[in-house]
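Worksheet for the structure shown next.
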There are 2 protein chains.
Amino acid sequence: MPLTTRRKCGGQGSRLMAVTLREVAQAAGVSTAAVSKVLHGRGGSVRVSEERAVQIRKIAENLEYRPNAVARNLRSSRTHTVGLIFENFWNISGGPLYYLHLLDGIASPLFRSHYRLTILPEIAQDDILASLGDGQLEGVIWCKLPRDPETIDQIGRCPIPIVAMSTPPTAEPSSAVFVSCDNEGGAELAVEHLWSLGHRKILFLRESEESSTPDCVARMDGLARALSRRGSRLDPEDVATWSWGLSEFGSWWDSTPPHTAVLCWSESAAGRLLSQARAHGVDVPGRLSVVGFDSTQYCETTTPTLTAVKQPIFDMARHASETLLSMIRGNRPKYQATTFPCTLDVRGSTAPPSAREEEKS
Amino acid sequence: MPLTTRRKCGGQGSRLMAVTLREVAQAAGVSTAAVSKVLHGRGGSVRVSEERAVQIRKIAENLEYRPNAVARNLRSSRTHTVGLIFENFWNISGGPLYYLHLLDGIASPLFRSHYRLTILPEIAQDDILASLGDGQLEGVIWCKLPRDPETIDQIGRCPIPIVAMSTPPTAEPSSAVFVSCDNEGGAELAVEHLWSLGHRKILFLRESEESSTPDCVARMDGLARALSRRGSRLDPEDVATWSWGLSEFGSWWDSTPPHTAVLCWSESAAGRLLSQARAHGVDVPGRLSVVGFDSTQYCETTTPTLTAVKQPIFDMARHASETLLSMIRGNRPKYQATTFPCTLDVRGSTAPPSAREEEKS
DNA sequence: CAGCAGTGATTAATGGATTTATCATAGCCC
DNA sequence: GGGCTATGATAAATCCATTAATCACTGCTG
């Protein structure tokens, strides 16, 4: 009988069916156990003579045998796959570069350990929760973990480890591990900088859609706290919830607001604010200082360059990924929540507020 | 016996083992076939009375039964998973936004069809080729498909469909389907624009690492062809291969080159060129016109805003993804290669070259 | 010679869901 | 009663790789 017999796959079109272990075994006249032992060396008490081994290897190569990973996964209950969940591609905190650093930081340790990264469809949450228990994932990194009690409860009974990249909830305990940055501390840094320059009224710019994200809230809280620590405070008029295009900028500026500086909740918002300011002939930083959140390469390319709070997103993501791998290996996580400190990159978009009332020397 | 008995998983730590179909069947006192039929409705000749069905559903819910997707995948030879391969996160053509559009375009149709997207480790190519045949993926989208004959040969014998997002090879036939944009046409558009403004000497800026990508080569070829069509040509001195930081800009400019415009192979290179020009006090577009490749949101935020060739990357990615899904469903692809046209977004970084020799009125 | 160790191999169970083939039983008609 | 259909349900095979249990045989020792 010819060794190269190949069957067609009945189901889908006319693709070739893969060669199985059994076929190699039949062709070689040995048992599947022997073939498995020779090709993958895993069988415990199975023993094969060197002579046979050479023969089997040769036949397997001729037949172009490729082990079926799905069958292996089923047998071993391991898939070497980690899932990634986020709300959507665009809604991720600071913008594309932030996102890219995130993905890079998550993927690096995984790939090094020969794990794959699967992006889960951001469909119904029920589907997400179902796929956490379907055996296809060994662990999950979840950006913006939901905080409703029911979901938290379900997450607690999830059979695989979860690492959340979001601010840990203050009240509810959770079985997930949290990795985040010190958003409040970052806001404090921004205020410290602006305050030392002489700014006393700061506008916090958030965006309507994202107004409820914990990150955004934490940054605003940090701002409020930093101000109160200096004997000032954050009034309702100091918080702007503008649309994506920031078309409200013009009327805001024309109303001669008391603010001399703006703290933007994200990098992309800060970038758009610079565009709007330029469009309305408002000199930054001469007439208005701007601080963004998430300091990336793009803060260097804007005009003026952008002063921004930097969260070590790559390190955070890498830490999350490494923690997850460790948990998958059966270790208990060292910390239930890890918070990374922020830093401030001072660039060209901040200056003393003098220009508004009097000419600075 | 208690219905809620749960075994511990022996292998990894102390995670709960999942409830299996067999356990539900035992608890309900019926066969696994009946449970499978009731819960998933797939069994052909299996019939269950409505009375039993209600009972089974209730028990399954109490036991929190979750079907094991790996076992299903093995049985059905389908995983509802598509792989994505690219060289690395950062080396993708035009920069982060390009990449984000790419990912978004690929993911949208997949998610809509309840497919997952798995990012493959960019490890050894042998590993990649092996994982194409391991049964875990139903199809693959491969950015920058390798072009060496041996790999092409292996790809031809790959059991799953492949869609390549790169310029199709001119010589070698390939079994993969190609989706790309008309890079040459894009370069032609750029030249047309610059030529009409009066530019006659154009520098092509590429980067050392990426110098060999087909996209980059095609753009340069397009430039050369566009010039020759106008009775000019692309000399070796008209091609710059600078480092990532473009630190060579200063010495190049000081050598008073004949060029009045630069065509950059990517968006990010164009952005960095603007930074360098500003750092050296070179007025853009007054003294130097700049055209980038890949027109994205960030071209709006630079100063000046950036004139750029736009490739419809989202549409390309979506098309690639939809084509792959169609092939997975067993359809023959309509086209072996699809090329999308580029357009030119004229913004603020291009102007007549007058400033160099004489003052323009 | 019983007993033991070592070598070379196979058989059958396992993992969990799906499906074909088969088996009962009841009801109905001629 | 024999033959037929419809209903309700199950046993066993299948997908493919892995592995514990087992077997046959040789050679050696006490």
Side-chain angles (χ1 to χ4, degrees), chain A residues 7 9-12 17-56 60 63 65-80 130 133-136 159, chain B residues 7 9-12 17-56 60 63-80 130 133-136 138 159:
Chain A
R7 305 145 304 155
C9 171
Q12 295 292 320
M17 287 280 282
V19 176
T20 69
L21 205 61
R22 184 202 305 271
E23 290 172 279
V24 177
Q26 280 171 353
V30 297
S31 69
T32 59
V35 180
S36 178
K37 173 69 178 181
V38 169
L39 296 182
H40 311 308
R42 314 289 266 61
S45 61
V46 178
R47 249 177 284 266
V48 184
S49 67
E50 187 52 34
E51 192 186 6
R52 273 236 191 286
V54 171
Q55 187 191 356
I56 289 172
L63 258 46
Y65 167 71
R66 301 267 176 276
N68 183 310
V70 179
R72 274 184 168 174
N73 292 345
L74 176 61
R75 189 70 229 273
S76 63
S77 300
R78 315 211 59 190
T79 60
H80 287 270
D134 73 359
Q136 283 195 103
Chain B
R7 305 145 303 156
C9 173
Q12 295 293 320
M17 288 278 283
V19 176
T20 69
L21 205 60
R22 184 200 306 270
E23 291 172 280
V24 176
Q26 281 171 352
V30 298
S31 70
T32 59
V35 180
S36 178
K37 175 69 178 181
V38 169
L39 297 181
H40 310 122
R42 315 289 266 67
S45 63
V46 177
R47 250 176 283 266
V48 184
S49 66
E50 187 52 34
E51 193 185 4
R52 273 234 193 288
V54 170
Q55 186 191 358
I56 289 172
L63 259 45
E64 293 194 322
Y65 166 71
R66 301 268 175 275
N68 183 310
V70 179
R72 272 184 170 175
N73 292 346
L74 176 61
R75 190 64 231 269
S76 64
S77 301
R78 314 211 59 189
T79 60
H80 287 271
D134 73 0
Q136 282 196 102
E138 290 191 32

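A, B, ... follow the sequence lines: proteins, then strands. Residue 1 opens every chain.
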- Task: Take the protein atom CZ of Arg47(B) and the nucleotide atom P of dA21(C), then report the distance between them rounded to whole Å.
- Result: 14 Å
- Note on the structure: Against the side chain of Ser36(B), the closest entry in dA9(C), dT19(D), dT18(C) is dT18(C)
- Message: Expressed as a whole number of angstroms, how long is the span from Arg52(B):CZ to dT7(D):C1'?
- Response: 13 Å
- Item | First encountered from the 5' end of DNA chain C, between Ala33(B) and Leu74(B) | Leu74(B)
- Rounded to the nearest angstrom, tell me the gap between atom NZ in Lys37(A) and atom C1' in dG8(C). 12 Å
- Taking for each residue the nucleotide of DNA chain D bearing the nearest heavy atom, is the 5' side occupied by Ser49(B) or by Ser76(B)? Ser49(B)
- So, does Ser36(A) use its side chain to make a donor-acceptor pair with the main chain of Thr32(A) at under 3.5 Å? no
- Of the candidate nucleotides dT19(C), dT10(C), dA17(D), which contains the atom at the shortest distance from the side chain of Arg75(B)? dT19(C)
- Query: Would you say Tyr65(B) reaches dA17(C)'s phosphate, i.e. side-chain N/O to OP1/OP2 under 4.0 Å?
  - Reply: yes
- Task: Report yes if at least one side-chain N or O of His40(A) is closer than 4.0 Å to OP1 or OP2 of dT18(D); otherwise report no.
- Result: yes
- With side chains defined as the heavy atoms from C-beta onward, is the minimum distance between Gln136(A) and Val70(B) less than 4.5 Å? yes
- When you measure from the side chain of Glu138(B) to the backbone N and O of His80(B), does any donor-acceptor pair fall under 3.5 Å? yes
- Query: For the pair made of CZ in Arg78(A) and P in dT14(C), what is the distance, rounded to whole Å?
  - Reply: 22 Å
- Item | Gln26(B) CD to dT10(D) P, straight-line distance once rounded to whole Å | 13 Å
- Reckon Ser31(A) touches a base, only the sugar-phosphate, or nothing at all at heavy-atom distances under 4.0 Å? base
- Task: Compare side-chain N and O positions of Thr32(B) against OP1 and OP2 of dA17(C) and report whether any pair is under 4.0 Å apart.
- Result: no
- What is the minimum heavy-atom distance between Val46(A) and Ala33(A), and which atoms define it? CG1-O, 3.8 Å
- Message: Does Val30(A) reach a base, just sugar-phosphate, or nothing at all? Heavy atoms under 4.0 Å.
- Response: sugar-phosphate
- Query: Nearest of dT19(D), dA17(D), dA17(C) to any side-chain atom of Val46(A)?
  - Reply: dT19(D)
- Message: From CG of Asn68(B) over to P of dT18(C), roughly how many Å is that when rounded to an integer?
- Response: 10 Å
- Exercise: identify the closest heavy-atom pair between Val24(B) and Val35(B): CG1-CG1, 3.8 Å
- Arg22(A) CZ to dC16(D) C1': how many Å, rounded? 8 Å
- Can you tell me the distance, in whole Å, between the CG atom of Asp134(B) and the P atom of dT18(D)? 12 Å
